[in-house]
Amino acid sequence: MCYDIKASLEAQLKRATRNQDLKAIEEIIEKLVPLTDLPLHHASGFSHPEVLIYTNEDPFHPIVATWGLIPHWVKSVEQQKKIWNNTLNARVETIFEKPAFRDAATEKRCILYVDGFYEHHHYKNQVYPFFIQRKNKGPLALAALWSEWINPDDGGIITSFSIVTTKGNTMMSKIHNNPKLNEPRMPLMLSETMEEQWLTSSRDVENKIKELLSDDNGVVLNAYTVGKLRGKNYIGNVVSVSDEVVYKELEAEELNL
């Protein structure tokens with residue numbers, strides 16, 4: 001699963017800066033960034049933050065979208081509110097089967113750039129949050145799906161997205177050990193080559209995505225424990241929320257990350 005992220009403006013502009021179009025970047029900062037909730041030192045998907053995503057329709061110019069995909073076929077605001085918290089993540093194994101995601105999987109794929117993500121580790125009936133990032137601290141490109149929904153009450157358009165998840169790797173299998181889940185999960189992280197494949201439209205999309213899953217993305221991760229992200233000890237969306245916090249009780253577990 002991936003319900004908590006860190007996203008700075010620098011990370012979010014990762015793809016736009018590849019073209020080195022300074023004027024375009026200035027326009028993004030001036031016109032789009034004020035519409036977002038950036039910077040997000042920590043944000044929960046359940047708060048539905050507004051961020052920048054890069055879509056298959058315009059791969060190098062981002063748009064503003066809210067976390068929690070709203071399928072185009074949702075008929076009312078009441079239905080939208082009911083489904084919103086259930087579409088923060090989309091399991092890559094079933095995105096072509098689930099009604100909420102199958103249209104987007106075929107036609108509307110996007111990338112979300114983040115500095116890292118948070119995951120919770122269970123140990124002796126306690127929960128400990130970890131922050132996971134690239135070992136070189138560069139931005140992570142997360143595969144995602146997006147949608148445009150027209151509010152039937154006022155005709156307004158809401159652009160939304162869901163982060164695609166896959167089976168956890170060796171590191172994540174140690175961290176994401178929720179006993180209520182059948183297996184560890186993690187966001188589907190893309191190398192630069194995989195980014196282009198993810199965004200490129202194809203008649204054989206489903207098989208192309210299966211090929212991506214069989215490839216080594218070459219993304220080397222680093223993880224460490226941070227302060228509580230829930231409850232009375234949560235310090236909020238501040239810079240220090242991703243600072244390392246050592247829990248002595250975890251030393252006995254010897255995770256060897």
Side-chain angles (χ1 to χ4, degrees), residues 2 4-45 47-69 104 107-118 131-149 156-164 187-202 208 212 215 217-222 236-243:
C2 181
D4 301 84
I5 61 171
K6 175 181 179 179
S8 65
L9 175 59
E10 292 75 19
Q12 288 259 279
L13 290 177
K14 171 69 174 179
R15 192 171 180 85
T17 56
R18 286 185 192 169
N19 285 348
Q20 297 184 333
D21 186 339
L22 298 181
K23 184 176 180 181
I25 295 170
E26 287 178 3
E27 288 182 356
I28 293 169
I29 294 174
E30 179 183 347
K31 297 179 180 179
L32 296 185
V33 173
L35 303 177
T36 71
D37 294 313
L38 297 171
L40 299 176
H41 306 293
H42 166 257
S44 165
S47 66
H48 307 288
E50 302 272 0
V51 294
L52 299 176
I53 60 171
Y54 296 80
T55 75
N56 55 309
E57 293 185 358
D58 193 348
F60 290 98
H61 194 282
I63 60 175
V64 179
T66 187
W67 190 358
L69 188 143
E107 301 176 0
K108 290 184 177 293
R109 294 177 304 284
C110 64
I111 294 176
L112 170 71
Y113 288 90
V114 299
D115 296 84
F117 61 97
Y118 301 85
F131 179 62
I132 300 98
Q133 62 182 345
R134 275 184 181 267
K135 194 166 186 179
N136 65 9
K137 299 184 180 179
L140 284 170
L142 306 186
L145 306 175
W146 68 289
S147 178
E148 291 180 315
W149 178 68
I157 297 176
I158 297 178
T159 303
S160 59
F161 70 94
S162 175
I163 294 175
V164 176
L188 178 54
M189 293 167 271
L190 305 172
S191 66
E192 285 196 14
T193 300
M194 293 166 70
E195 289 178 37
E196 309 316 315
Q197 292 177 282
W198 178 257
L199 292 178
T200 301
S201 297
S202 170
K208 288 289 185 184
L212 287 182
D215 291 340
N217 63 16
V219 178
V220 182
L221 299 174
N222 178 56
N237 181 34
V238 297
V239 174
S240 59
V241 72
S242 60
D243 289 350

Partner residues of [X] under the side chain to side chain donor-acceptor pair (under 3.5 Å) criterion, sequence neighbours left out:
{"X": "Lys108", "value": "Glu57"}
{"X": "Trp67", "value": "none"}
{"X": "Ser242", "value": "Lys6"}
{"X": "Glu195", "value": "Arg15, Arg18, Tyr113"}

Distance-only, no hydrogens or angles: does the [X] side chain make a donor-acceptor pair with backbone N or O of [Y] under 3.5 Å?
{"X": "Asn237", "Y": "His41", "result": "yes"}
{"X": "Asp115", "Y": "Pro139", "result": "no"}
{"X": "Ser240", "Y": "Asp243", "result": "no"}

Interatomic spacing from [atom1] in [X] to [atom2] in [Y] - rounded to 0.5 Å:
{"X": "Thr193", "Y": "Trp198", "atom1": "OG1", "atom2": "CH2", "answer": "16.0 Å"}
{"X": "His42", "Y": "Phe117", "atom1": "NE2", "atom2": "CZ", "answer": "13.0 Å"}
{"X": "Ser8", "Y": "Lys14", "atom1": "OG", "atom2": "NZ", "answer": "11.5 Å"}
{"X": "Glu148", "Y": "Thr159", "atom1": "CD", "atom2": "OG1", "answer": "4.5 Å"}

Closest approach of [X] to [Y] (non-hydrogen atoms, all atoms of both residues):
{"X": "Asp37", "Y": "Pro49", "result": "OD2-CA, 3.4 Å"}
{"X": "Leu13", "Y": "Tyr54", "result": "CA-OH, 3.5 Å"}
{"X": "Gly116", "Y": "Leu140", "result": "CA-CD1, 4.1 Å"}
{"X": "Ala11", "Y": "Val114", "result": "CB-C, 4.0 Å"}
{"X": "Ile163", "Y": "Cys2", "result": "CD1-SG, 4.0 Å"}
{"X": "Leu69", "Y": "Ser162", "result": "CB-CB, 3.8 Å"}

Next item on the list: Take Asp21 and Phe60, measure what side-chain contact (heavy atoms from CB on, under 4.5 Å) needs, and give me the verdict at the end.
Entry: CA-CA 10 Å; Asp21 186 339; Phe60 290 98; over 6 Å; no
Notebook entry, point to check: Does the side-chain contact (heavy atoms from CB on, under 4.5 Å) test come out yes or no for Phe161 and Thr55, once each step is laid out?
Noted result: CA-CA 10 Å; Phe161 70 94; Thr55 75; over 6 Å; no
Item checked: With sequence neighbours excluded, residues passing salt bridge (charged side-chain N to carboxylate O under 4.0 Å, His left out) with Asp4 -> Arg230
Can you confirm whether [X] sits close enough to [Y] that some side-chain heavy atom of one is under 4.5 Å from a side-chain heavy atom of the other?
{"X": "Ile158", "Y": "Thr66", "result": "yes"}
{"X": "Leu142", "Y": "Met189", "result": "yes"}
{"X": "Leu145", "Y": "Arg109", "result": "yes"}
{"X": "Tyr118", "Y": "Val241", "result": "yes"}
{"X": "Gln12", "Y": "Leu112", "result": "yes"}
{"X": "Leu52", "Y": "Val64", "result": "yes"}

For residues 26-36, run the donor-acceptor check on the side chains, cut-off 3.5 Å, and write out each pair with its distance to 0.1 Å, sequence neighbours left out.
residue	atom	partner	partner atom	Å
Thr36	OG1	Val33	O	2.7
Thr36	OG1	Leu38	N	3.2

